[in-house]
Amino acid sequence: MNSETATRTTKTVVVVGHGMVGHRFVQALRERDATDLWRIEIVSEEIDPAYDRVGLSSYVGAWLRDSLALEGNTYAGDDRVVTHLGETVTGIDRDARRVVTSSGREIDYDAVVLATGSYAFVPPVPGHDNDRCFVYRTLDDLDDIRAAAEAAGPGATGVVVGGGLLGLEAANALKLMGMTPHVVEFAPRLMPMQVDEGGGAILKNLVTELGLEVHTGVGTSEIADAEDGGLRVTLSDESTIDASLVVFSAGVRPRDQLARDAGLAVGERGGVLVDAGCGTDDENVYAIGEVAAVEGRCYGLVAPGYSTAEVVADRLLGGTSEFPGADLSTKLKLLGVDVASFGDAFGTTENALEITYHDAVAGRYAKIVVSDDAKTLLGGILVGDASAYAMLKPMVGREIPGDPAALIAPEGGAAVGMDALPDDAEICSCNGVSKGAICSAIADGACDIAAVKGCTSAGTTCGGCLPSIKQLLAASGVELSKSLCDHFTQSRAELFEIVAVTGIRTFSELVDRYGSGQGCEICKPTVASILASTSSDHILEGEQAALQDTNDHFLANMQKNGSYSVVPRMPGGEVTPEQLIVIGEIARDFGLYTKVTGGQRIDLFGARVDQLPEIWRRLVDAGMESGQAYGKSLRTVKSCVGSTWCRYGVQDSVGMAVLLEKRYRGLRSPHKIKFGVSGCARECAEARGKDVGVIATEHGWNLYVGGNGGQSPKHAVLLASGVDDETLVAYIDRYLMFYIRTADRLQRTAPWLESLEGGLDHLKDVVCEDSLGLAAELEEAMARHVGGYQDEWAAVLADEDKLKRFVSFVNAPDVVDPTIRFSEYERKAPVLLDMPAVRPGATAPSGPDGVSERPVREGVPT
């Protein structure tokens with residue numbers, strides 16, 4: 001390093017490639033670089049910033065690129081990170097320490113980190129370069145396959161060359177696109193690197209039952225154009241398959257050409273040769289992830305890649321970290337079939353013993369490999385049921401408590417729990433998080449899944465360790481009380497069931513029979529919500545009125561100065577010109593501030609309690625309804641203009657949004673619910689940021705659930721794809737009612753889904769497959785809600801007793817609240833008592849009666 005470089009206060013590291021591992025490196029370096037020593041420049045040939053390549057198949061059906069985006073992949077607000085997307089590094093001048101890109105950009109560096117990953121291997125089969133032959137590696141690849149599949153039409157045959165992990169992922173993608181997949185694997189079984197002969201036989205049976213044609217023990221000899229315009233794939237046994245397209249998924253090779261061109265050493269089987277510190281033979285160049293041949297070996301899994309990223313981040317900051325070795329365990333669900341392998345799965349250890357359980361009828365295979373004295377677990381394979389994986393994997397290399405066969409016997413597993421593992425046992429292999437680290441986080445107050453994730457990163461990548469984390473939470477000694485509050489020992493879900501079964505309709509009866517005391521600010525509104533969810537009684541009817549919080553008590557949102565806002569419902573964002581005129585006249589007559597909300601509604605701010613009935617009388621007379629803003633219930637169903645107006649729309653998103661909003665309006669739930677309906681994959685309604693998101697495709701509707709904005713935004717996840725109108729509504733009915741029955745108090749759908757035992761797979765089973773036999777009951781409950789719906793403000797206006805509540809002072813109903821004042825400017829905004837001056841040193845002008853009025857600059861919100 002020359003003297004000029006040594007005196008720099010800032011160094012530049014160029015990261016070549018922006019996949020999962022490259023992104024992990026940038027995150028690790030930024031988190032640890034307390035003095036901002038390093039400036040990072042990322043060069044990536046893909047136009048998309050880092051995305052979840054492990055979950056590539058989830059792109060199918062959704063076709064939304066940002067659905068796979070890794071958190072923080074744009075480094076928004078971090079001026080120490082610069083990204084150059086859609087650009088390729090064409091050369092590295094190691095002498096000048098400069099990289100050159102395809103755009104002619106030259107970047108001087110102090111260090112280079114090669115994170116170029118791998119490319120899909122295409123065997124040199126005659127015809128492999130046919131324009132209907134594809135690889136399965138990137139989002140662009142899937143877009144190309146999709147176009148070919150749609151051109152071929154439903155039911156067309158697609159051939160996947162390769163029956164390993166990626167090959168079955170590709171076959172699954174073709175199946176989701178409506179094709180009939182054929183899988184060709186040269187080895188005598190599927191997934192030969194993960195399962196043995198017994199597991200392979202079970203796996204073949206399971207995927208065949210799901211509609212795949214499997215050809216094992218044969219290779220691909222030729223791909224040629226057929227007379228009917230398709231392709232003819234000839235196999236090594238001389239059999240043929242008539243197909244519309246071919247996908248090669250026969251393994252990967254490290255993308256090391258850039259390193260070769262720069263004169264860096266490469267391994268015998270490819271990959272940039274690096275030492276335990278992930279350094280190359282140039283002290284200023286490192287390699288991480290799949291391109292790195294760590295002491296001669298490349299690893300194709302994300303967990304070892306993350307380890308290399310962490311090592312290099314530490315090295316650049318003066319550390320001495322070394323690659324800790326690779327955990328090659330895998331657990332996946334392919335085509336709905338569980339497959340897992342861990343440790344020495346094939347029993348290569350000298351004198352190792354194998355214990356197997358094989359049930360072809362049930363479709364289950366389990367094998368564990370143990371030491372010659374049967375005391376130490378060495379590895380195992382699970383096919384069909386991988387529920388034991390979370391407990392078995394951390395036990396590898398450790399003493400087995402009790403009978404080894406009990407670990408995989410159908411009635412076994414209960415004898416061994418997480419308490420049998422020492423603190424250094426690795427629970428989350430993706431992020432290298434030990435049992436001790438998780439237990440320490442729990443002891444420090446992380447008492448749920450989300451908190452443990454935030455503290456330790458465990459469970460944030462593949463999610464396979466979440467069952468183990470739940471067990472540690474349960475066994476931690478931290479009392480995870482299910483009690484709603486001091487007055488009810490039951491959880492919200494249990495109280496819901498009590499109310500539903502007993503028919504109790506008042507808080508007083510519920511607390512007398514199943515609780516204690518007089519209730520509090522926690523249980524009263526919770527019970528009020530349960531009572532509203534289980535009947536169509538008005539929330540201000542009788543005793544229920546006293547249970548409501550302020551917003552529900554006055555059927556409006558209280559603002560910070562004591563006034564209220566009024567938001568008339570506009571299903572799907574639709575509003576007539578006459579209704580717009582009425583809204584404008586009300587705003588003018590009552591002097592209200594108006595604002596178009598993010599949910600496609602018009603909000604009227606500044607109404608006093610005593611003004612609310614007259615405002616709503618005029619709105620109701622204009623055909624408008626309430627309930628949009630104030631309750632823990634359905635807020636909005638946002639929509640784009642859809643196929644009615646937009647040239648890209650493929651379905652009537654507005655019509656569907658109106659249908660859904662009118663169906664679920666007034667539905668009381670544990671928390672507010674928001675919907676979005678988009679007429680095409682361009683997603684203008686932002687449906688994947690909603691509790692329920694509906695996106696149109698050419699084949700029907702895709703249904704997403706469990707998303708939300710707010711302080712902890714979550715992308716919704718795909719529950720069902722390509723469904724018709726009737727099925728869509730049925731699934732939403734079941735989903736919402738299942739959520740209402742089982743969620744905790746004030747728990748939105750995103751954290752509810754995250755905490756749900758079995759997660760998305762269980763939810764799919766309940767909603768789409770009716771695994772609990774609840775479908776009819778859930779749909780019937782929703783039908784009762786729809787049939788009993790009444791507009792809450794319309795009901796108030798028709799009831800003199802309810803109208804008496806809407807006064808500022810109960811003992812002086814004709815007195816207007818004198819504490820609510822406003823500035824009379826073109827943009828009306830509230831003024832609060834004793835507000836500080838707008839800027840330091842300024843004096844707030846005094847208004848009538850000594851009330852300070854805060855001046856409002858036109859166009860600037862206060």
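Note that these values count all heavy atoms, side chains included, but never hydrogens, waters or copies made by symmetry. Keep in mind the model is a prediction, meaning the values are calculated, not measured.
- Side-chain contact between E683 and D66 is absent, with no heavy-atom pair separated by less than 4.5 Å.
- Atoms SG and CZ, from C640 and R682 in turn, are 11.0 Å apart once rounded to the nearest 0.5 Å.
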Start with the C-alpha distance between E169 and L56, add both sets of side-chain angles, then the distance that settles side chain to side chain contact (heavy atoms under 4.5 Å, CB included), and finish with yes or no.
CA-CA 8 Å; E169 286 276 5; L56 193 60; over 6 Å; no
Could you please spell out the steps behind the salt bridge (Lys or Arg N to Asp or Glu O under 4.0 Å) verdict for R146 and E698?
CA-CA 12 Å; R146 176 195 185 191; E698 294 88 344; 3.7 Å; yes
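- Side-chain atoms of Q27 do not come within 3.5 Å of backbone N or O of E31 as any donor-acceptor pair.
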Working note: Y51 + T138, criterion side chain to side chain contact (heavy atoms under 4.5 Å, CB included); need CA distance, chi angles, decisive distance, verdict.
CA-CA 10 Å; Y51 57 86; T138 68; 3.6 Å; yes
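- A salt bridge between E45 and R255 is present, with a side-chain N of the basic residue lying under 4.0 Å from a carboxylate O of the acidic one.
- With contacts defined as side-chain heavy-atom distances shorter than 4.5 Å, the pair Y306/M20 qualifies.
- Atoms CD1 and CG, from I47 and D140 in turn, are 6.0 Å apart once rounded to the nearest 0.5 Å.
- Looking at heavy atoms from C-beta onward, D281 lies in side-chain contact with L264 at the 4.5 angstrom threshold.
- In this structure, OG in S341 is found 6.5 Å from CE in M191, a value given to the nearest 0.5 Å.
- Across every non-hydrogen atom of A685 and S678, the tightest pair is N-OG, 3.1 Å.
- When the shell of 6.0 Å around CZ of R269 is examined, it contains 12 or fewer heavy atoms from other residues, nucleotides or ligands.
- How far CG of N172 is from CG of L212: 8.0 Å, rounded to the nearest 0.5 Å.
- Scanning for ring-ring contact (aromatic ring centres under 6.0 Å, His included) contacts around W38 gives an empty result, with sequence neighbours left out.
- Here the shortest heavy-atom pairing between T74 and P49 reads CG2-CG, 4.4 Å.
- Taking the charged nitrogens against the carboxylate oxygens, R30 and D36 do have a contact shorter than 4.0 Å, which makes a salt bridge.
- A salt bridge is defined here as a Lys NZ or Arg NE, NH1 or NH2 lying under 4.0 Å from an Asp or Glu carboxylate O, and D143 with R65 meets this definition.
- Donor-acceptor pairing under 3.5 Å is recorded for the side chains of E87 and T101.
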Start with the C-alpha distance between Y136 and S57, add both sets of side-chain angles, then the distance that settles side-chain hydrogen bond (donor to acceptor under 3.5 Å, both in side chains), and finish with yes or no.
CA-CA 10 Å; Y136 186 85; S57 292; 2.6 Å; yes
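- Comment: E46 engages R53 in a salt bridge, judged by a side-chain N to carboxylate O separation of less than 4.0 angstrom.
- Side-chain atoms of L29 and L317, non-hydrogen and from C-beta on, do get closer than 4.5 Å to each other.
- Contact of the D225 side chain with the L231 side chain is registered, since non-hydrogen atoms from C-beta on lie closer than 4.5 Å.
- Two residues are said to be in side-chain contact when any heavy atoms from C-beta on lie closer than 4.5 Å; E310 and R24 meet this criterion.
- Smallest separation of non-hydrogen atoms from P181 and A171: CG-O, 3.5 Å.
- Under the side chain to side chain contact (heavy atoms under 4.5 Å, CB included) criterion, P123 pairs with F121, V125, F248, A250, not counting sequence neighbours.
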Worked verdict on I42 versus V81 for side chain to side chain contact (heavy atoms under 4.5 Å, CB included):
CA-CA 8 Å; I42 304 167; V81 183; 3.8 Å; yes
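- Side-chain N or O atoms of R94 include one that pairs as donor or acceptor with a backbone N or O of A262 at under 3.5 Å.
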Dump the intermediate steps for salt bridge (Lys or Arg N to Asp or Glu O under 4.0 Å) on R39 and D110, then the final yes or no.
CA-CA 10 Å; R39 180 177 178 275; D110 295 281; over 6 Å; no
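- When atom types are taken as modelled, the side chain of D314 and the backbone of T320 share a donor-acceptor pair closer than 3.5 angstrom.
- Between the R132 side chain and the V246 main chain, no donor and acceptor come within less than 3.5 Å of each other.
- The structure places CG of L174 at 6.0 Å from CG of L245, a figure rounded to the nearest 0.5 Å.
- Counting heavy atoms from C-beta on, the side chains of V218 and V184 come closer than 4.5 Å.
- Counting non-hydrogen atoms of other residues, nucleotides and ligands closer than 6.0 Å to CD of E150 gives a total above 12.
- With rounding to the nearest 0.5 angstrom, the OG1 atom of T180 is 9.5 Å from the NZ atom of K175.
- V311 and A276 make their closest contact through CG1-O, 4.0 Å (heavy atoms, listed as atom of the first residue, atom of the second, distance).
- R688 contributes a side-chain N or O that, together with a main-chain N or O of A716, makes up a donor-acceptor pair within less than 3.5 Å.
- Looking only at side-chain heavy atoms (C-beta outward), L142 and W63 come within less than 4.5 Å of each other.
- Pairing each heavy atom of V677 with each of A687, the nearest pair is N-CB, 4.4 Å.
- The local environment of CZ in R80 is crowded, with over 12 non-hydrogen atoms from other residues, nucleotides or ligands closer than 6.0 Å.
- The aromatic ring centres of Y75 and H18 sit less than 6.0 Å apart.
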In sequence, state the C-alpha distance, the side-chain angles, and the governing distance for L166 and V252, and then conclude on side chain to side chain contact (heavy atoms under 4.5 Å, CB included).
CA-CA 10 Å; L166 292 177; V252 296; 4.1 Å; yes
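- Under the 3.5 Å distance criterion, the side-chain polar atoms of T234 are left unmatched by any main-chain donor or acceptor of S221.
- With hydrogens and angles disregarded, a donor-acceptor distance shorter than 3.5 Å links the side chain of N73 to the backbone of A50.
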CA sep, side-chain torsions, deciding dist, call: E290, R137, salt bridge (Lys or Arg N to Asp or Glu O under 4.0 Å)
CA-CA 13 Å; E290 293 177 319; R137 190 66 179 160; 2.7 Å; yes
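- The closest donor-acceptor contact from the side chain of N702 to the backbone of G722 lies under 3.5 Å.
- Panel note: side chain H182, backbone D242; no donor-acceptor pair is recorded below 3.5 Å.
- Of the possible polar contacts, one joining the T280 side chain to the D282 backbone as a donor-acceptor pair under 3.5 Å is found.
- When all heavy atoms of S249 and V160 are compared, the pair lying nearest together is CB-CG1, 4.3 Å.
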